[in-house]
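Structure, as structure tokens:
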Amino acid sequence: MEEAEVPTEHLHEKIHHEAEHGRERWALGVALSSALLAGFAAVASLMAGHHANEAMMSQIESADQWSYYEAKSIKEAQLKSKADILNALGKPVPGTDESKVAQYEREKEEIQKKADNFEKAAQHHLQTHEGLASSVTMFQIAIAVGAISVLMRRRSFWLGSLVVGVIGIYFLIQALLTAGGH
């Protein structure tokens with residue numbers, strides 16, 4: 001779940017060059033807004049990576065719990081089979097075996113709850129990761145459109161890049177609210 005990094009350094013250099021040497025003063029606004037959007041993109045990208053890692057770790061923990069659950073199920077089945085054989089032979093079943101079966105059933109319930117909680121955590125982190133990844137994408141598109149606005153000397157493109165940047169901020173806030181809800 002690694003994020004694809006889009007190189008924007010060249011775009012930043014071009015924007016700053018045009019802002020310093022160009023005749024149009026709004027190009028300075030493009031440079032400033034692009035720098036701010038790049039900062040948001042960096043933070044969102046870092047957080048997206050964190051949540052992807054947490055999702056993977058929670059999924060691994062869930063799988064570990066399910067393996068533990070299966071081990072308890074196997075032990076329980078073995079004791080039940082032993083009891084069935086002893087009953088078929090007309091021999092008494094030790095009380096320790098019956099209590100051990102009951103213990104395994106209780107332990108399995110606890111293990112199942114833990115596994116389910118880890119699965120829910122993994123889904124939550126993955127959902128947060130997706131929101132953050134979407135915000136990073138919007139920020140990168142906004143920066144690229146801002147660079148195009150300077151190159152084409154079209155202020156309307158810059159305004160469009162700001163709109164896309166605001167959408168990126170919306171996704172970022174939405175992801176942060178989702179992350180905080182867990």
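What you see is a predicted model; the values in this text were computed from it and never measured.
Side-chain heavy atoms closer than 4.5 Å link hydrophobic residues (I, L, V, M, F, W, Y) into clusters, and following such links, possibly through other members, connects Leu37 to Val43. Cluster membership for Val150 and Leu159, using ILVMFWY side-chain heavy atoms within less than 4.5 angstrom, is shared.
Of all the heavy atoms in Ser58 and Ala121, the pair that sits closest is OG-CB, 3.8 Å. Nearest heavy atoms, Ala133 versus Ala48: N-CB, 4.1 Å. In terms of heavy atoms, Lys72 sits closest to Tyr104 at CD-CD2, 3.7 Å. The two atoms that bring Ala175 and Thr128 nearest to each other are O-CG2, 3.7 Å, heavy atoms only. Among all heavy-atom pairs drawn from Leu132 and His51, the shortest one is CD1-CD2, 3.7 Å. Nearest heavy-atom pair, Phe157 versus Met152, reported as atom, atom and distance to 0.1 Å: CE2-SD, 3.9 Å.
One N or O on the side chain of Ser149 and one on the backbone of Gly146 form a donor-acceptor pair closer than 3.5 Å. The main-chain N or O of Ala31 is never found under 3.5 Å from a side-chain atom of Ser34 such that the two would form a donor-acceptor pair.
Between Ile143 atom CD1 and Met138 atom CE the span is 12.0 Å, to the nearest 0.5 Å. Distance check, rounded to the nearest 0.5 Å: NE2 of His125 to CE of Met57 gives 11.0 Å. Rounding to the nearest 0.5 angstrom, the gap separating the OG atom in Ser33 from the CH2 atom in Trp26 is 10.0 Å. A distance of 14.0 Å separates NZ in Lys100 from CD in Glu98, rounded to the nearest 0.5 Å. Expressed to the nearest 0.5 Å, how far CD of Gln123 lies from NZ of Lys120 amounts to 11.5 Å. Separating the OG atom in Ser62 from the CD atom in Glu119 is a distance of 3.5 Å, to the nearest 0.5 Å.
Between Phe118 and Gln65 there is a side-chain heavy-atom pair separated by less than 4.5 Å. Annotation: side chain of Lys114 is not in contact with side chain of Asn117 (no heavy-atom distance under 4.5 Å).
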Cut-off 3.5 Å, no hydrogens considered: what does the side-chain donor-acceptor table look like for residues 77-89, sequence neighbours left out?
residue, atom, partner, partner atom, Å
Lys80, NZ, Glu76, OE2, 3.1
Ser81, OG, Ala77, O, 3.0
Lys82, NZ, Asp97, OD2, 2.9
Asn87, ND2, Ala83, O, 3.3

Distance-only donor-acceptor hits, side chain of residues 160-174, under 3.5 Å, sequence neighbours excluded:
residue, atom, partner, partner atom, Å
Ser161, OG, Trp158, O, 2.7

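Clustering of Ile, Leu, Val, Met, Phe, Trp and Tyr side chains at separations under 4.5 Å places Ile111 together with Trp66, Tyr68, Tyr69.
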